Structures are given as structure tokens and as C-alpha cells.
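Quick note: numbers below take in every heavy atom, side chains included, and nothing from hydrogens, waters or symmetry partners. Here the structure is a predicted model, which is why all the values come from computation and not from measurement.
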Amino acid sequence: MRPKIKVTISRNPQEVAEAMDLNPCYAIEWELRYSITKKIIAVFQRSDQTVTRVAKKAQTSRARITRILKGDSHGISLDVLLRVLAAVGQSITISYKKAA
């Protein structure tokens with residue numbers, strides 16, 4: 001007899017963190033990382049820049065840029081993501097709101 005598996009449906013990062021019994025700060029980081037990565041991808045696709053040029057501007061490797069452009073920013077620090085964002089010609093504005 002197989003053990004019963006409890007299925008949990010999560011609709012946002014906060015619910016995922018809660019379901020996994022993680023600190024809510026992880027959800028904030030996931031959202032920020034996702035948002036920056038998606039913006040980098042969108043801007044890069046519209047630009048005429050090359051991976052090599054962006055990597056040189058951001059002072060990182062072409063492999064990291066390629067990973068980011070594939071949507072995989074796991075293991076890449078936020079400071080590198082912010083440097084890449086600046087290298088593709090964007091800046092970031094941070095606003096704060098009270099957590100629920």
C-alpha cells in the first residue's frame with residue numbers, strides 16, 4: 001500500500017514559502033530575482049547587443065549571461081543580476097510596502 005501524498009496548490013511565492021515551511025523572506029527574494037531576470041530577457045531581446053558585449057559591461061562571464069537569458073538565475077547573486085540589468089541599459093527603482 002502506497003502512502004497518501006498530500007497535494008498543495010500554491011499560487012504565488014508567499015504561498016510556496018508557507019507550504020514549504022520557509023521564512024517569508026525567501027518569497028521576496030524569489031519575486032525580485034524573477035522580476036529582474038524577466039526584465040533582462042525582455043530588454044536583451046529588443047536590443048542589438050551581443051552576449052559577449054553584455055558580459056564585458058557587467059564584468060561577468062558569457063556563460064552566466066546565457067543562463068540568465070534562458071531564465072535560470074538560480075545561484076547567480078542579486079548583485080550580478082543588477083550589473084547585467086545595468087549592462088543592458090536599465091536601472092531599478094525599489095519601493096516598499098507592508099507585508100501581509
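- Evaluation of the salt bridge (Lys or Arg N to Asp or Glu O under 4.0 Å) test over residues 25-40, restricted to residues two or more places apart or in two chains, returns E29-R33.
- A single hydrophobic cluster is seen to contain both L78 and L85, as judged by linkage of ILVMFWY side chains at heavy-atom distances under 4.5 Å, directly or through other members.
- The side-chain hydrogen bond (donor to acceptor under 3.5 Å, both in side chains) check on T8 picks up nothing, with sequence neighbours excluded.
- Scored by the side-chain contact (heavy atoms from CB on, under 4.5 Å) test, L22 finds A17, M20, Y26, W30 as partners (sequence neighbours excluded).
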Which atom pairs, one a donor and one an acceptor, fall under 3.5 Å between side chains of residues 52-65 and the rest of the protein, sequence neighbours left out?
| from | atom 1 | to | atom 2 | distance (Å) |
| --- | --- | --- | --- | --- |
| T60 | OG1 | R64 | NH1 | 3.4 |
| S61 | OG | R64 | N | 3.2 |

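- A heavy-atom distance below 4.5 Å is not found between the side chains of I36 and I41.
- Distance OG/S47 to CD/Q90: 10.0 Å, rounded to 0.5 Å.
- With sequence neighbours excluded, no residue satisfies salt bridge (charged side-chain N to carboxylate O under 4.0 Å, His left out) with D21.
- Residue R83 holds its CZ atom at 11.0 Å from CD1 of I40, rounded to the nearest 0.5 Å.
- Residues that satisfy the side-chain hydrogen bond (donor to acceptor under 3.5 Å, both in side chains) test with R67, not counting sequence neighbours, are D72.
- Clustering ILVMFWY residues whenever any of their side-chain heavy atoms sit less than 4.5 angstrom apart, transitively, puts Y34 in a cluster other than the one holding I92.
- At a threshold of 4.5 Å between non-hydrogen side-chain atoms, the residues I94 and Y96 count as touching.
- Side-chain atoms of S73 and L81, non-hydrogen and from C-beta on, do get closer than 4.5 Å to each other.
- Atom CD of E18 and atom CG of N12 lie 9.5 Å apart (nearest 0.5 Å).
- Looking at E15, its side chain does come within 3.5 Å of a backbone N or O of R11 through a donor-acceptor pair.
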